[in-house]
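This report concerns only the one structure given below.
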Amino acid sequence: MATTAEISAREAEVLALLGEHLSNAEIGARLFISVRTVESHVSSLLRKLAVPDRRALARRASELARADRSHPAPLLPAPLTSFIGRMRERAELTEMIKTHRQVTAVGPGGVGKTRLALTVAADAGSEYADGVWFVDLVPITDPDMVAAAVAGALGLGEQPGRGMDESVVAALADRHVLLVLDNCEQVRDGVAPFLERLLAACPRLTVLATSRARLMVPFERVYPVPPLSLAGDGESEAVALFMDRAAAVGRPPDPALRDHIASICERLDGVALAIELAAARWPTLGLDGLTAALSDPLRMLAGGSRADDRHRSVRAALDWSHALLEPADRALLRRLSVFVAPFTVEAAAEVVGSEPGVAADGLARLAEQSLLVVTASPSGTWYRALETIRQYGTERLEEAGELVDARSRHLRWCLARAADLAVVRADWRVRFDPVADDLRAALAWAADRPEQRADAHRLAWHLAELAFTRNLIGESQLRYEQAAALADDPATTASMFRHAAAVAGCRMRGDDMYRLQRAAAAAARRSGDTSGAAGDLAAAATNAYRFWSKFERMPSQQEALALITEARELAGDDPAAQAAVALAEAGALTDAFGSELGPPDNAVPETMARAERAVDLAHRTGDPLAESAALDALTGAQSWAGETFAAAATARRRIALLSSAPDSPARTHELLDALGNATEASLGAGDLLGARRWARQLADHPLLAEVGHRATSWLLVTEALAGNVDEVLTVSAGFLEDWRRAGSPARWALAPAVAGVAMIHGLRDDHDARLVWSAVLNQLGTPPERTYGYGAVFDAMLMLHCGQAREALDRLAPEPGEVWKWVTWIWLHWYVALRAEATVLAGSPDAGDRLAEARTIVAGNPVAAAIVERAAALHHNDRARLLATADVFEAAGCRYQAARTMVLGGGDHVARGAAALVGLGLAPMAPTTTFLSRMR
């Protein structure tokens, strides 16, 4: 990649992948480096290339890539054979995609739609700045999985809080792309609505689809793909294709035989697949044998005349090829049709019921006849039947009365593979991905057959677990719900709904979580498990308060209280149910979670008592997940009580508790919440090093790889409070790009991070960048937390840096007790300490009283206590005492406050402090008049 900047080879690799719009996690996985290392390279590239943010860096990468190659290589599968003829069709279809946003190449199976589309896409690749992307829909049997297939081809993972279709729309919204969708016919009901939404939202997108029938969507222009030209007799396109393919499998035919070959191609109506099948037989049959075999091609047709005469020729050619096979190979071909994805010799042997050696010989013979495509890869040799041939094989299976038996074998093979995959090893993904579509196809078949209901349930359950491991959490929820519907007993149904609810929580889908917990309660009641139903109802009520920010439609307070009443009546003396009810009461009656639904003024002693009771009851059950949830309520109660260090210890206790819990969607949901909880509580206690550790674990969690704005939000808060400017700049670039890619969601939980980044740009005196982040902050709204909590803290830090002590004091004017709910959680110590410093620097007459009060509140918090101690030193004109706090700040990981201390120390220390600020990437501090008059 050519560039004038001095960048390393590794930076060039990172830059190229940024141009592909990959996340830091995806880049790290591609290059086998850590996410933190990627962030470091991104930060370096931002400086070296002098661009303001990650989005601009991605644009620069694309520009450099285009400068390095005049014709960008489209992301298309490499054809195994040459493309013959079709000059007119290539020109016409190329012109159509230039003038129309959605073109569908329509024609019967085998006519050559895919090869034509691939060739046209390759020809047009350089016209699309953001590339050409190919999506093979052949393995997709479920219309609901179309968006997932497109996302997979684009390299997009699932973003919790949004569907796959939303992720694709966001990724392509402003990109100039040609998207090729191949073989749409079997999932047309899924393709049509998906394309309609995609085209409406992505104005620079062009879609080239292939299908046996038009898609019937707005913007669609249909291009009928004709057979190969037969004009010119021995010089026709059809003859050229035959000659090329025959030469590839043996000695080329004598050119003198072209007229004879032309008659064969004419009888095959110029259909590409039929001609290729005939050419594959040339070395063994010769032209006389081919002519004899095709003397009556329609006699083997089943079902009489066809609506499409050209399709009759494909079927005739397939019938003819099939008739020439040995009986054993015919059986093998039709039984292999149950595979929708590439398969190995071992898989074929198991599904068709033969020895591996016998299967290998048969596969080789079918491949020699062009009935199978063979692909060699580092993981072995893979076989695949073209879709037309696979569908033909399925018909033959049905005619032979073997369809149920073959699909049953395939289902058993899929169940065995799913069971093998339950053990996650280093090679898990490369074992799962090749079989995933077969698992889905087997499930789709079995789910509709009453006699297969038990196996379908098992496979749906397996697939739900596997999809979750693969971070396909949308599919995981779908499969758990499917497993619930297929279960034979209501107790199992309830269990599946509980798992689905936990996955919905991981997806940020509070409404689904609530619905599924209530469905679990209903199923539990049907099974006679009233205590289990009580737990489910209580959990639904609890989560309406605990995870209220995940809801689109909040349940009313009356609705939640009614659930608790019902749960209380059903709980009886069951310990787990009683613990669940106690937790719901702590959340709903005393607002332990700080919910919008909660009472505006909870009584702190009652909140503490209810939370402690919930923890005690949960601990007795021995369920770490139940205890973790109760500890979450206790953390909130301790915060409301001003017990900052107890809250931090309780949050850490959750992490330790969950580390030994069995892996499950519920454990993952709980752990993600606990990591965020521990980060926040550590920040409140001034434990910046601990907060950074928990925040880093949260940022690196694979489930959040596609939602960097969520994953890194608390890491940004931590680094902003510490004054780690490089880290803030690097992480915030990805945060902003991911937030915009996610549709710029107005989630209040992101606001502390945004406010922290805006403050850092203010400390850097970068007015333009601060305006950008302030605008984002305004989009997120102005809740009380912004007015009195994080907003007040970050605003005051910037004002004090700028020498605006009086303004900072005004910003922090409310007494903590007046706005306790908005500052006690994370911000109490920061608020009190900065307020004390502003009081001293502003020369307020009550500075001494404020210092004494603040010292009592923040005692034990290394950072806040040092800020108060520094303020006291300023108040008493004690330079040595003031400078001593610099070491405390350094030890606590708060580099900004350490540098600020040196500047406040006056004299020779000012230059050292100013240099430290510059080293951090910050602007010099403005002089503080009150202090200078004392210490000059």
Side-chain angles (χ1 to χ4, degrees), residues 481 484 490-491 493-502 504-505 508-603 606-615 617-618 621 623 625-626 629-630 632-634 636-637 640 666 669-670 673:
E481 292 194 52
T493 297
S495 176
M496 294 297 98
F497 277 137
R498 290 172 191 136
H499 286 306
M508 299 287 289
R509 300 297 178 95
D511 304 78
D512 278 359
M513 182 168 51
Y514 184 76
R515 168 180 62 82
L516 291 163
Q517 284 165 334
R518 297 196 65 172
R525 293 190 75 166
R526 291 197 302 273
S527 74
D529 181 11
T530 54
S531 59
D536 294 323
L537 293 171
T542 296
N543 291 339
Y545 287 83
R546 187 180 176 203
F547 300 114
W548 61 272
S549 65
K550 296 182 179 182
F551 282 76
E552 297 293 333
R553 186 200 71 82
M554 288 292 296
S556 68
Q557 186 180 39
Q558 292 74 20
E559 185 178 341
L561 292 176
L563 290 179
I564 295 173
T565 300
E566 186 178 358
R568 194 184 294 120
E569 293 170 353
L570 294 172
D573 57 0
D574 181 79
Q578 290 179 342
V581 171
L583 179 58
E585 291 173 339
L589 302 181
T590 58
D591 196 26
F593 302 114
S595 167
E596 275 190 353
L597 287 177
D601 294 307
N602 49 305
E606 184 183 358
T607 304
M608 183 70 75
R610 286 191 179 277
E612 288 176 339
R613 179 171 181 269
V615 171
L617 291 174
T621 68
D623 180 355
L625 302 185
D632 187 19
L634 181 59
W640 303 152
H669 186 214
E670 195 67 32
D673 181 73

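We use all heavy atoms of the structure for the numbers below, so side chains are in, but hydrogens, waters and symmetry mates are not.
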Problem set entry | E481 CD to D512 CG distance, which is reported to the nearest 0.5 Å | 6.5 Å

Exercise. What are the two closest heavy atoms between A629 and L583, and how far apart are they?
Worked result: CB-CD2, 3.7 Å

Seminar exercise, completed: Taking every heavy atom of G505 against every heavy atom of K550, the minimum-distance pair comes out as O-NZ, 2.9 Å

Exercise. How many angstroms lie between CZ in R568 and CG in L561, if you round to the nearest 0.5 Å?
Worked result: 9.0 Å

Exercise. What's the verdict on side chain to side chain contact (heavy atoms under 4.5 Å, CB included) for R509 and F547, showing C-alpha distance, side-chain angles and the deciding distance?
Worked result: CA-CA 10 Å; R509 300 297 178 95; F547 300 114; over 6 Å; no

For this session: Enter the distance from T607:OG1 to L634:CG here, rounded to the nearest 0.5 Å.
Result: 11.0 Å

Problem set entry | Side-chain donor or acceptor of D632 paired with backbone N/O of G636 under 3.5 Å | no

Exercise. Rounded to the nearest 0.5 Å, how far does CZ of R610 lie from CE of M608?
Worked result: 14.5 Å

Exercise. Which distance, rounded to the nearest 0.5 Å, do you find between the CG of L537 and the CZ of R525?
Worked result: 7.0 Å

Problem set entry | Basic-acidic side-chain contact under 4.0 Å: R546, E670 | yes

Problem set entry | Separation of L563 CG from Y514 OH (nearest 0.5 Å) | 4.0 Å

Problem set entry | Atom of A611, atom of A637 and distance for their closest heavy-atom approach | CB-CB, 4.0 Å

Problem set entry | Nearest atoms (heavy-atom pairs only) where A567 meets A538 | CB-N, 3.9 Å

Problem set entry | H669 side chain near D673 side chain, heavy-atom distance below 4.5 Å | no

Exercise. Minimum heavy-atom separation for A533 to A521, with atom names?
Worked result: CB-O, 3.5 Å

For this session: Write down the atom of W640, the atom of A592, and the distance for their closest heavy-atom approach.
Result: NE1-O, 3.9 Å

